[in-house]
Amino acid sequence: MRTGELARRVELACLLEAAARKPGNVHPWAAFDDLGFEDFVRAAEAVAPFLAGTCKLGLGMAILLAVRATRRSVATNANLGIVLLLAPLCAVPEGVRAEDGIGDVLGATTIEDASYVYAAIRQANPGGLGTAGEQDVADVPTCTLTEAMRLAADRDLVARQYAQNFEDAFWLAARLDVASLSNAGRTSTWDSTIIEGFLQMLVRRPDTLIARKCGTEVAGEASRRAEFVLTRGRSGQLTESPAYADFDAWLRGDGHRRNPGATADLMAAALFLVLCEIESAALPPIGQILGWAGVSR
């Protein structure tokens, strides 16, 4: 796949993830005090060429350049987790299925990759990061990027993907309706398939951003509430359920500290995997997504 086509899929994955009305997250009709949908639009455009060039740039450098590009476009951390997840997937060689190639990509990471990624994380300055007893991002790494991610896999959903060959991302991608993400699908079907997959992922794995900010009990409560929404609503119409509205309001309480941002990042990776299976002519136009969201570029 040519670099331009890969960049298009990166940008589409980011935009579809941000546009869907996922509970507790930023979307076109819900913003945080310091982050809105337009920030995600700018960030998606900024990172796409760097992530698409991962094979040439190297994994760590592509991540660092993408984060730098984001910070030039957006005042806050909009997409660090997304960048960390999409870069290895973009590094899978052309002609190799992602499931077959991701292990080799992760197995080939270096200490230099770790150094670049540590610098990227420090520059993005994500909320709730805290400190680690071993290979903390404030220090100089002494192990490869994948080895460092394995140390954090039990407390960070993004790191878990590096440690488990993107197991959760592939699981989630398999649950998304591919047809709804083509240009033949209506915007309502993009929205509903992403929301349903998002809730299923929350049930599968408690959100680690919530856990870091609010504790594991609150993260577990979010997963239980997500399961309740799935049992109370009809597939394709979950947002019409009172349980969905209650869940969304609960997640947005406490100053948005219960934002399931790690799950949202994983959704972007799953969407990218699905979009890479769709022929170029059948991809949804970027302008159609932005038009639905009421944004012009």
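Just so you know, residue 1 is the first one in the sequence shown, and it goes up from there. Values in this document were obtained by computation on a predicted structure and should not be read as measured data.
Connection of Leu12 to Leu176 is established within a shared hydrophobic cluster, with ILVMFWY side chains joined at heavy-atom distances below 4.5 Å, either directly or through further cluster members. Transitive grouping of hydrophobic side chains (ILVMFWY, heavy atoms separated by less than 4.5 Å) brings Val41 and Leu51 into a common cluster. Linking ILVMFWY side-chain heavy atoms closer than 4.5 Å, directly or via other members, places Val92 and Val158 in a single hydrophobic cluster. Transitive grouping of hydrophobic side chains (ILVMFWY, heavy atoms separated by less than 4.5 Å) brings Leu145 and Leu106 into a common cluster. Note: the hydrophobic cluster containing Ile121 does not contain Leu64 (ILVMFWY, side chain heavy atoms under 4.5 Å, direct or indirect links).
Between the Asp104 side chain and the Gly101 main chain, no donor and acceptor come within less than 3.5 Å of each other. Under the 3.5 Å distance criterion, the side-chain polar atoms of Asn259 are matched with a main-chain donor or acceptor of Gly24. Listed for the Asp156 side chain is a donor-acceptor partner under 3.5 Å among the backbone atoms of Ala159. Panel note: side chain Asp39, backbone Val74; no donor-acceptor pair is recorded below 3.5 Å. Formation of a donor-acceptor pair under 3.5 Å by the Asn25 side chain with backbone atoms of Pro23 is found in this model. Between the Asp177 side chain and the Ala179 main chain, a donor and an acceptor come within less than 3.5 Å of each other.
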>> Go through it in stages, so that I can follow the logic: the residues are Arg212 and Thr208, the test is side-chain contact (heavy atoms from CB on, under 4.5 Å), and I'd like the CA-CA distance, side-chain angles, deciding distance and then a yes or no.
In response: CA-CA 6 Å; Arg212 286 201 302 274; Thr208 51; 4.1 Å; yes
> Stepwise, does the side-chain contact (heavy atoms from CB on, under 4.5 Å) test hold for Leu157 with Leu266?
Replying inline: CA-CA 8 Å; Leu157 193 57; Leu266 194 59; 4.0 Å; yes
>> Let's go through Arg204 and Gln200 carefully: what are the C-alpha distance in whole Å and the side-chain angles of both, what is the deciding distance for side-chain contact (heavy atoms from CB on, under 4.5 Å) to 0.1 Å, and is it a yes or a no?
In response: CA-CA 6 Å; Arg204 176 179 169 88; Gln200 290 172 342; over 6 Å; no
>> Is there a side-chain contact (heavy atoms from CB on, under 4.5 Å) between Thr193 and Leu181? Walk through the geometry before answering.
In response: CA-CA 9 Å; Thr193 196; Leu181 299 173; 4.2 Å; yes
> Can you list the steps and then say if Arg21 with Asp248 is a salt bridge (charged side-chain N to carboxylate O under 4.0 Å, His left out)?
Replying inline: CA-CA 10 Å; Arg21 294 172 295 165; Asp248 186 44; over 6 Å; no
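Counting heavy-atom neighbours within 6.0 Å of Glu221 CD, excluding the residue itself, gives a total above 12. No more than 12 heavy atoms of other residues, nucleotides or ligands sit less than 6.0 Å from atom CG of Asp33. The 12-atom threshold is exceeded at CZ of Arg175, counting heavy atoms of other residues, nucleotides or ligands nearer than 6.0 Å. Around the CD atom of Glu227, the shell of radius 6.0 Å holds no more than 12 heavy atoms that belong to other residues, nucleotides or ligands.
Side-chain contact between Val67 and Leu80 is present, with at least one heavy-atom pair separated by less than 4.5 Å. Counting heavy atoms from C-beta on, the side chains of Met267 and Met201 never come closer than 4.5 Å. Counting heavy atoms from C-beta outward, Phe170 and Leu273 have side chains that approach closer than 4.5 Å. You'll find the side chain of Arg232 stays beyond 4.5 Å of the side chain of Leu238, heavy atoms only. Taking the side chain as every heavy atom from C-beta outward, Phe272 and Leu6 approach each other to under 4.5 Å. Contact check for Leu275 versus Ile278: side-chain heavy atoms found under the 4.5 Å cut-off. Considering only heavy atoms from C-beta on, Leu85 comes within 4.5 Å of Phe166 through its side chain. Between Leu84 and Tyr162, some side-chain heavy-atom pair lies under the 4.5 Å cut-off.
A donor-acceptor pair shorter than 3.5 Å can be found between the side chains of Asn79 and Thr70.
Closest approach of Gly53 to Thr3, counting heavy atoms only: N-CG2, 4.4 Å. Residues Asp168 and Arg160 approach most closely at OD2-NE, 2.9 Å, considering heavy atoms. In terms of heavy atoms, Ala226 sits closest to Leu202 at CB-CB, 3.9 Å. Of all the heavy atoms in Ser73 and Arg42, the pair that sits closest is O-NE, 3.3 Å. Between Ile82 and Cys14, the shortest heavy-atom distance links the atoms CG2-SG, 3.8 Å. Taking each heavy atom of Glu38 and Val295 in turn, the nearest pair found is OE2-CG2, 4.1 Å.
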I'd like a table of donor-acceptor pairs (distance under 3.5 Å, sequence neighbours excluded) in which one partner is a side-chain atom from residues 279-286, with atom names and distances.
| residue | atom | partner | partner atom | Å |
| --- | --- | --- | --- | --- |
| Ser280 | OG | Glu5 | OE1 | 2.9 |
| Ser280 | OG | Glu5 | OE2 | 3.4 |
| Ser280 | OG | Arg8 | NH1 | 2.9 |

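Contact check on Lys22 versus Glu17 returns a salt bridge, with a Lys/Arg side-chain nitrogen under 4.0 Å from an Asp/Glu carboxylate oxygen.
Atom CG in Asn125 sits 7.0 Å away from atom CZ in Arg71 (nearest 0.5 Å). The distance from atom OG1 of Thr239 to atom CG of Asp191, rounded to the nearest 0.5 Å, is 6.5 Å. The distance from atom CD1 of Ile194 to atom CG of Leu16, rounded to the nearest 0.5 Å, is 5.0 Å. Going from atom OG1 of Thr146 over to atom CG of Asp113 covers 8.0 Å, rounded to the nearest 0.5 Å. The CG atom of Leu271 sits 7.5 Å away from atom CG of Leu172, with the distance rounded to the nearest 0.5 Å. Between Thr142 atom OG1 and Ile111 atom CD1 the span is 6.5 Å, to the nearest 0.5 Å.
Using cut-offs of 30° and 60° on the angle between ring planes, the pair Trp250 and Phe247 is parallel.
The ring pair (Phe, Tyr, Trp, His ring centres under 6.0 Å) pairs that include a residue from residues 5-64 are Trp29-Trp292, Phe32-His256, where partners are two or more places apart or lie in different chains.
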